[in-house]
Amino acid sequence: MLDPKLFRGNLDELAAKLLKKKYVLDKVLIQRLEEQRKALQIETETLQNERNTTSKSIGKAKAAGEDIEPLKKQVGELGDKLNASKAVLIEVQDELQDILYSVPNLPDATVPEGNDEDANVEVLRWGTPATFDFEAKDHVELAEQGNHMDFQCAAKITGSRFSVMRGSMAGLHRALTQYMLNTHIGQHGYQEVYVPYIVNADSLFGTGQLPKFADDLFKLEGEQNYYLIPTAEVPITNLVRDEILDADTLPLKFTSHTPCFRSEAGSYGKDTKGMIRQHQFEKVELVQIVAASESEETLEQLTGHAEAILQALELPYRKVVLCGGDLSFASTKTYDLEVWLPGQNAYREISSCSNFLDFQARRLQARRRNPETNKPELVHTVNGSGLAVGRTLVAVIENYQQADGSVKVPAVLQPYMGNISEINF
RNA sequence: GGAGGGGUGGCAGAGUGGCUGAAUGCACCGGUCUUGAAAACCGACGUAGGUUUGUAGCUUACCCAGGGUUCGAAUCCCUGCCCCUCCGCCA
């Protein structure tokens with residue numbers, strides 16, 4: 001959430017910034033609610049104060065053996081007025097809070113204008129898409145050889161948008177995961193964490209998935225408000241919820257490999273074939289908790305950590321900066337990494353790296369103690385996929401395919417696969 | 001699943017329904033002392049919100065969470081969550 005003080009400042013300026021994100025702020029409503037809130041809050045707190053002091057005087061009067069009945073009557077009347085005032089105040093505050101929770105983060109000044117992904121701006125292209133002297137197959141065609149990917153079976157076991165992988169395909173998938181984790185731990189200085197795959201509503205609120213995006217989540221039946229994680233971002237970032245961190249512990253750099261579960265509501269008909277869009281997929285996530293002054297630089301670094309995986313796998317990719325209209329709710333700036341998929345003859349998203357500034361931290365009450373002022377201040381959170389494993393698998397087999405339908409194993413993965421150099425289906 | 005015990009400030013740990021936003025100790029911060037450090041001593045020391053030009057002042061809330069009793073709740077009652085101990089079961 002944004003700093004509530006912004007709602008009391010220059011609303012025109014705020015609305016203009018949000019418009020870049022295609023969010024229309026109801027300035028008139030907010031201004032009216034704010035005026036009411038201010039008046040009601042002052043009234044309520046004044047009454048509260050009177051009641052408290054009068055109540056205390058009852059105690060003293062009683063101790064002095066005086067008649068306390070008149071005082072009790074007076075407090076009773078005060079209480080009635082207080083309750084009435086408080087009830088209206090809570091209504092107004094709730095209304096303001098609903099707005100506050102649903103207003104997206106402000107886009108960074110460097111974010112390009114635009115409505116949708118077509119307006120995203122390419123900032124870098126790495127590698128050259130290979131040209132094949134045969135007709136390139138897509139990953140489904142390749143991996144269904146020998147049933148290495150089996151969507152029929154997955155549909156039987158569960159339903160659509162799930163996959164079964166067998167043999168060397170499952171092995172390649174696991175090798176990718178291990179390689180990514182080891183690289184981030186060993187080369188990039190992240191600490192591996194193992195986290196729950198089921199989280200409560202508070203955690204999802206903290207990172208911004210709730211209350212607005214409940215439809216994208218799998219909710220568990222039962223007494224508790226439990227959900228399957230849509231990304232490791234949720235449990236990892238919530239590690240610091242309600243914490244005041246010592247300044248010298250920052251930056252915190254976490255990586256974790258988890259499954260992710262997404263309902264994909266609203267994506268009917270999109271990527272229905274293959275492993276691109278699944279209800280369940282694996283991801284190696286990168287999360288950094290940093291001081292406010294660091295997050296801009298951290299986003300660049302963290303994106304570089306994700307890029308390093310693509311480069312080591314020698315997969316051609318491009319890096320785009322998302323335009324205002326394509327930027328997610330909580331993000332102030334996002335780089336998408338798009339890998340080249342010969343089977344689709346297109347670049348497809350494989351990683352999304354975002355700076356959230358204090359937007360998540362404020363919801364999480366995640367703070368650090370500023371060593372200069374000795375006061376708590378909100379941290380900044382930055383995260384990204386490093387990378388989405390399923391999609392990386394798709395990219396590897398499509399980019400490393402050979403004329404006979406076999407797939408070469410990227411050099412860096414070979415140690416993780418018993419040093420084989422090729423997968424024959 | 002059964003039976004008990006408990007959740008108080010960064011930590012430890014007091015707290016008869018009013019004078020307790022909370023004793024005390026430790027840690028942290030500032031200072032005195034010291035060549036420097038330690039020790040000792042002195043002082044400051046929770047978080048969030050409102051008001052205000054204000055890091056000044058005033059003010060509200062918060063002792064796991066949510067309800068309730070009461071003029072008044074950290075303290076009494078109810079519900080939930082979490083933790084601990086013992087028994088049972090179990091990967």
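In what follows, chains are A, B, ... by sequence order, proteins preceding strands, each numbered from 1. A quick note: this is a predicted structure, and the numbers were derived from the prediction, not measured.
- Under the Watson-Crick and G-U wobble criteria, each requiring two contacts below 3.5 Å, nucleotide B:C76 is paired to B:G68.
- Counting any heavy atom pair closer than 4.0 Å across all strands shown, A:Lys73 reaches no nucleic acid atom.
- Remark: A:Gln48 is in phosphate contact with B:A61, judged by side-chain N or O atoms under 4.0 Å from OP1 or OP2.
- As a whole-Å value, the separation of A:Glu50 CD from B:G72 C1' is 16 Å.
- Closest approach to the A:Arg8 side chain among B:C71, B:U47, B:G50 is made by B:G50 (side chain taken as heavy atoms from C-beta onward).
- Atom NZ in A:Lys38 sits roughly 17 Å away from atom P in B:G49 (whole-Å rounding).
- Across B:G72, B:U51, B:A48, the shortest atom-to-atom separation from the side chain of A:Ser55 is found for B:G72.
- Taking atom CD on A:Glu34 and atom C1' on B:U51, their separation rounds to 13 Å, with Å as the unit.
- Relative to the ring axis of A:Tyr416, A:Arg174 does not place its NZ or CZ within 45° and under 6.0 Å from the centre.
- Residue order along RNA chain B, read from the 5' end via each residue's closest nucleotide, puts A:Gln41 first among A:Lys72 and A:Gln41.
- Nucleotides B:U75 and B:G17 have their C1' atoms positioned 6 Å apart, rounded to a whole Å.
- Below the 3.5 angstrom threshold, one finds a donor paired with an acceptor across the side chain of A:Glu45 and the base of B:G49.
- Between A:His380 and A:Phe359, the distance separating the two ring centers is not shorter than 6.0 angstrom.
- Of the nucleotides present, none pairs with B:A14 by Watson-Crick or G-U wobble criteria with both distances under 3.5 Å.
- Salt bridge absent: A:Glu243 and A:Arg367 never bring a charged side-chain N and a carboxylate O closer than 4.0 Å.
- The side chain of A:Arg37 places an N or O atom within less than 4.0 Å of a non-bridging phosphate oxygen (OP1 or OP2) of B:U51.
- Under the Watson-Crick and G-U wobble criteria, each requiring two contacts below 3.5 Å, nucleotide B:U51 is paired to B:G57.
- Contact between the side-chain N/O atoms of A:Asn49 and the OP1/OP2 oxygens of B:U60 is found at a separation under 4.0 Å.
- Pair assignment for B:A37 gives none, since no Watson-Crick or G-U wobble pairing has each distance under 3.5 Å.
- Taking a pair to require two hydrogen-bonding distances under 3.5 Å in either a Watson-Crick or a G-U wobble arrangement, B:G1 pairs with B:C87.
- When heavy atoms are screened at a 4.0 angstrom cut-off, A:Arg367 is found touching the sugar-phosphate backbone but no base atom.
- As rounded to whole Å, 13 Å separates atom P of B:G49 from atom CD of A:Gln97.
- Partner assigned to B:G46 is B:C62, using Watson-Crick or G-U wobble distances below 3.5 angstrom.
- Between B:U20 and B:G46, the two C1' atoms lie 15 Å apart (nearest whole Å).
- B:U79 and B:U60 have their C1' atoms separated by 27 Å, given to the nearest Å.
- Ionic pairing of A:Glu264 and A:Arg277 is present here: one or more N-O contacts between side-chain nitrogen and carboxylate oxygen are shorter than 4.0 angstrom.
- Ranking B:U51, B:G72, B:C82 by closeness to the A:Arg51 side chain, first place goes to B:G72.
- Phosphate contact (OP1/OP2 of B:A61, side-chain N/O of A:Asn52, threshold under 4.0 Å): present.
- A salt bridge between A:Glu77 and A:Lys81 is absent, with no side-chain N of the basic residue lying under 4.0 Å from a carboxylate O of the acidic one.
- Rounding to whole angstrom units, CZ of residue A:Arg369 and P of B:C11 are separated by 11 Å.
- Distance check on atom P: B:C63 versus B:A73 gives 11 Å, rounded to whole Å.
- For B:C82 and B:G50, the C1' atoms lie 32 Å apart once the distance is rounded to whole Å.
- Dashed line: the shortest gap from a side-chain N or O of A:Lys375 to OP1 or OP2 of B:C28 is not under 4.0 Å.
- At a threshold of 4.0 Å, the pair A:Asp246-A:Arg369 does not count as salt-bridged, since none of the basic side-chain nitrogens sits closer than that to a carboxylate oxygen.
- Relative to the six-membered ring of A:Tyr400, A:Lys408 misses at least one condition, a distance below 6.0 Å or an angle of at most 45° to the axis.
- With C1' as the reference atom, B:C64 and B:U47 are 15 Å apart, rounded to whole Å.
- Under the 3.5 Å distance criterion, the side-chain polar atoms of A:Asn238 are left unmatched by any main-chain donor or acceptor of A:Arg241.
- Side-chain atoms of A:Lys56 lie closest to B:C19 of the nucleotides B:C19, B:C82, B:U52.
- Nucleotide B:C28 is matched to nothing when pairs are restricted to Watson-Crick or G-U wobble geometry with both distances under 3.5 angstrom.
- Summarising the geometry, the separation between CD1 on A:Ile244 and P on B:U47 is reported as 6 Å, rounded to the nearest angstrom.
- A:Pro4 comes within contact range of no nucleotide atom at all, as no heavy-atom separation falls under 4.0 Å.
- Regarding A:Gln74, its CD atom lies at a distance of 14 Å from the P atom of B:G72, rounded to whole Å.
- Of the C1' atoms belonging to B:G54 and B:G36, the separation is 41 Å, rounded to the nearest Å.
- The separation of B:C89 from B:G2, taken at their P atoms, amounts to 15 Å, rounded to a whole angstrom.
- For the pair A:Glu377 CD and B:U47 P, the computed distance is 13 Å after rounding to whole Å.
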